[in-house]
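Each remark here refers to the structure printed beneath this line.
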Amino acid sequence: MPQNIKKYDIAKEGIWFKDYSDFLCEEDSLSLFNYASKKKDDSDLSMVSLFSGCGGMDIGFEGGFICNKKSIPQDSGWIEKNINENWVLLKKNRFNTIFANDILDEALLTWQNYMKRYGKDPSIYHTESIVDLVKMHHKGADIFPQNVDILTGGFPCQDFSVAGKRKGFDSETSHNGTKRESEEPSEETRGKLYFWMKQAIDITKPKIFIAENVKGLVNLGNVRDIIQNDFSQANGNGYIVLTPQVLHAGNYGVPETRERVIFIGIRKDALNPTAKKMLEKDVIPEEYNPYPAPTHNYNVNKCELSRPVTCKDVFCDLCEPEDSYDLSQHFYSKAKFMGKHCQGQTEIHLDGLGPTIRSEHHGNIEYRRLSEEHGGKIYEELQKGMKERRLTPRECALIQTFPPDFPFVKYKGYTKHFEVSQSGAYKVIGNAVPPVLAYNIARRIQDLWDLYF
């Protein structure tokens, strides 16, 4: 049990839990909060975040968060300070989130609970769908900010994922998350929300936009080419949209078998002539390429890179749920073992990458530890009497590289009623972009900004 626990005046029965990390003492927490809350200077680059979820992309672009030391190359110059033997605080970036949106209540609550440390006004987070926001703008409402430097958005991926029905553009789900009423697909279904993101680009005219989705999108007919072409038409054919690349999170210090396709568009009339010429080449010179180079050797066969980060690396300081005062570690899915023929019935590999954390888990999140009877292989822990259980939200979040002090599961004030339950936490964590992957993208874009503009 952490030695500083009495400073929090927390009842062991779990009634009066406050935000708490198994990893940090109170002095560390206050110091980090003060660092994050320092106002950025006049060189801020304004960012609009769409489909923000709980803020994985936003945290990565803002910077100034805690991550495992092994996730960051030690010669990168990205580390602000060492927190302890295993954890570091990353430097802030120039990007400043001024607008965010998502339709999920859990996303709003978790985003606000963490982003308040950056001094973000809760009102910048909008819970209307992107369709409704664009329609409100066209009716004359003052919705979107102007003079935007960068726009990001992980448009919904369920309709393109190999884990789903792969309906693509023929999605059965409407833009607000309900089942569509019409039998015919329309521009307002979940599978076409990228097109409304394109309209938000028309409105805000960012210098750069970044769109993210599942790898399965590139294997779904000509969907990738259609989306790339549609994005290029934003602002009257005003963007160079580079050939999208699939980034494997394991190559960027994330202990997860997560692959994502990234679209990057750059506004032509904002570029200086040299940069425009370089970016329009069939083969972009490396010094102008906005996609980040891998930092870790998961599957790129570059032995000079850092070794992949493992689950064991990021779990190193965790208590077991029964010993934890961190709500995101204390509560977890109790769904019974259903046999390995069902989804989510496998045990993670502690010495390897974790599974892709899914949003639509329905309680069947993978196992942190299986019993020997059910095929468990972590014998050392079983011999210590550690019980079979599924991954906690905190463990899922650490696999996704969220900071260990991010408050996911949360009570409503001093009650036993949840503001965000463990089920809600699993959902938003599974929907998110890994912050460390986003940080890699942000640092590369930041390094190139003055070269481009």
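Nothing here was measured: the structure is a model prediction, and the numbers come from that model. Quick note: residue numbers are just sequence positions, from 1.
- In this structure, K198 does not pair ionically with D230, as no charged nitrogen and carboxylate oxygen lie closer than 4.0 Å.
- Using a 4.5 Å heavy-atom cutoff, the side chains of T152 and S49 are in contact.
- Atom CG of residue N86 and atom CD1 of residue I83 lie 11.5 Å apart, to the nearest 0.5 angstrom.
- Contact check for I441 versus F61: side-chain heavy atoms found under the 4.5 Å cut-off.
- With sequence neighbours left out, E419 forms a salt bridge (Lys or Arg N to Asp or Glu O under 4.0 Å) with no residue at all.
- Note: R394 CZ to I429 CD1 = 7.5 Å, rounded to the nearest 0.5 Å.
- Using a 4.5 Å heavy-atom cutoff, the side chains of N213 and Y194 are not in contact.
- Between E80 and K92 there is no salt bridge, since no side-chain N of the basic residue sits under 4.0 Å from a carboxylate O of the acidic one.
- Of the possible donor and acceptor atoms, one in the side chain of D149 sits under 3.5 Å from a partner among the backbone N and O of S46.
- For residues 283-295, no pair satisfies side chain to side chain donor-acceptor pair (under 3.5 Å), with sequence neighbours left out.
- With contacts defined as side-chain heavy-atom distances shorter than 4.5 Å, the pair L45/I445 does not qualify.
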- Message: Using side chain to side chain contact (heavy atoms under 4.5 Å, CB included), reason through L109 and K410 one step at a time and then give a plain yes or no.
- Response: CA-CA 9 Å; L109 292 167; K410 194 171 180 67; over 6 Å; no
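- The minimum heavy-atom distance between I365 and L391, with the atom names listed, is CG2-O, 3.7 Å.
- Atom NE2 of H137 has more than 12 heavy atoms from other residues, nucleotides or ligands within 6.0 Å.
- Between L398 and F402, the shortest heavy-atom contact is CD2-O, 3.8 Å.
- When all heavy atoms are compared, the tightest approach of N68 to C316 is ND2-SG, 4.4 Å.
- No side-chain heavy atom of F51 sits less than 4.5 Å from a side-chain heavy atom of V433.
- Between the NZ atom in K377 and the OG1 atom in T346 there is a gap of 13.0 Å [rounded to 0.5 Å].
- For the pair Y252 (side chain) and P292 (backbone), a donor-acceptor distance under 3.5 Å is present.
- Not a single side chain to side chain donor-acceptor pair (under 3.5 Å) links D450 to another residue, sequence neighbours left out.
- A parallel orientation is assigned to the rings of H126 and F99, their planes being inclined by less than 30° (bins at 30° and 60°).
- A donor-acceptor contact shorter than 3.5 Å links the side chain of T356 to the backbone of T257.
- In terms of heavy-atom proximity, E62 sits nearest to T97 at OE2-N, 2.7 Å.
- The residue from V48, I201, N235 that alone fulfils the side chain to side chain contact (heavy atoms under 4.5 Å, CB included) condition with P206 is I201.
- More than 12 heavy-atom neighbours from other residues, nucleotides or ligands sit within 6.0 angstrom of CG on D121.
- Side chain of Q446 to main chain of R94: a donor-acceptor pair is present (N/O by atom type, distance under 3.5 Å, no hydrogens or angles).
- When atom types are taken as modelled, the side chain of T110 and the backbone of C54 share no donor-acceptor pair closer than 3.5 angstrom.
- For the ring-ring contact (aromatic ring centres under 6.0 Å, His included) test with Y239, the passing option among F209, F263, F231 is F209; the others fail.
- Between the CG atom of L50 and the CZ atom of F144 there is a distance of 6.5 Å, given to the nearest 0.5 Å.
- A donor-acceptor pair under 3.5 Å links the side-chain atoms of Q74 to the main chain of I72, judged by distance alone.
- Formation of a donor-acceptor pair under 3.5 Å by the S359 side chain with backbone atoms of K427 is found in this model.
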- Could you go through the side chain to side chain contact (heavy atoms under 4.5 Å, CB included) check for N364 and Q345 one step at a time? CA-CA 7 Å; N364 291 337; Q345 309 304 305; 3.6 Å; yes
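- Taking the six-membered ring for Trp and the full ring otherwise, F65 and Y114 have centroids separated by 6.0 Å or more.
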- Just do the side chain to side chain contact (heavy atoms under 4.5 Å, CB included) check on V309 and T401 with the steps written out, would you? CA-CA 10 Å; V309 181; T401 65; over 6 Å; no
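- Here the CD atom belonging to E347 is positioned 8.0 Å from the CZ atom belonging to R368, to the nearest 0.5 angstrom.
- When all heavy atoms of Y439 and K91 are compared, the closest pair comes out as OH-O, 3.0 Å.
- When side chains are defined from C-beta on, F406 does not count as touching R117, because their heavy atoms never get closer than 4.5 Å.
- Atom CD1 of I399 sits about 12.0 Å away from atom CG of D313, to the nearest 0.5 Å.
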- Task: Show your working on side chain to side chain donor-acceptor pair (under 3.5 Å) between W111 and D102 and close with a plain yes or no.
- Result: CA-CA 10 Å; W111 189 96; D102 203 284; over 6 Å; no
- Could you go step by step and tell me if V214 and R260 meet the side chain to side chain contact (heavy atoms under 4.5 Å, CB included) rule? CA-CA 5 Å; V214 293; R260 287 296 182 267; 3.7 Å; yes
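- Note: W449 and F95 have perpendicular aromatic rings, judged against thresholds of 30 and 60 degrees for the angle between ring planes.
- Residues K70 and V314 fail the side-chain proximity criterion, which asks for heavy atoms closer than 4.5 Å.
- Panel note: side chain D326, backbone S21; no donor-acceptor pair is recorded below 3.5 Å.
- You'll find the side chain of P290 reaches within 4.5 Å of the side chain of Y452, heavy atoms only.
- Screening R389, R358, K340 for a salt bridge (Lys or Arg N to Asp or Glu O under 4.0 Å) with E366, the sole residue that qualifies is R358.
- Atom CG of D269 has more than 12 neighbouring heavy atoms from other residues, nucleotides or ligands inside a 6.0 Å radius.
- Put simply, the side chain of N93 gets close to the backbone of G60: a donor and an acceptor are under 3.5 Å apart.
- Residue S328 comes nearest to P393 through the heavy atom pair O-CD, 3.3 Å, listed as atom of the first residue, atom of the second, then distance.
- Salt bridge status for R443 with D447: absent, with no side-chain N to carboxylate O gap under 4.0 Å.
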- Task: For the pair N272 and K277, evaluate side chain to side chain donor-acceptor pair (under 3.5 Å) and give the outcome as yes or no after the intermediate values.
- Result: CA-CA 9 Å; N272 66 55; K277 181 180 179 180; over 6 Å; no
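- With hydrogens and angles disregarded, no donor-acceptor distance shorter than 3.5 Å links the side chain of R369 to the backbone of I378.
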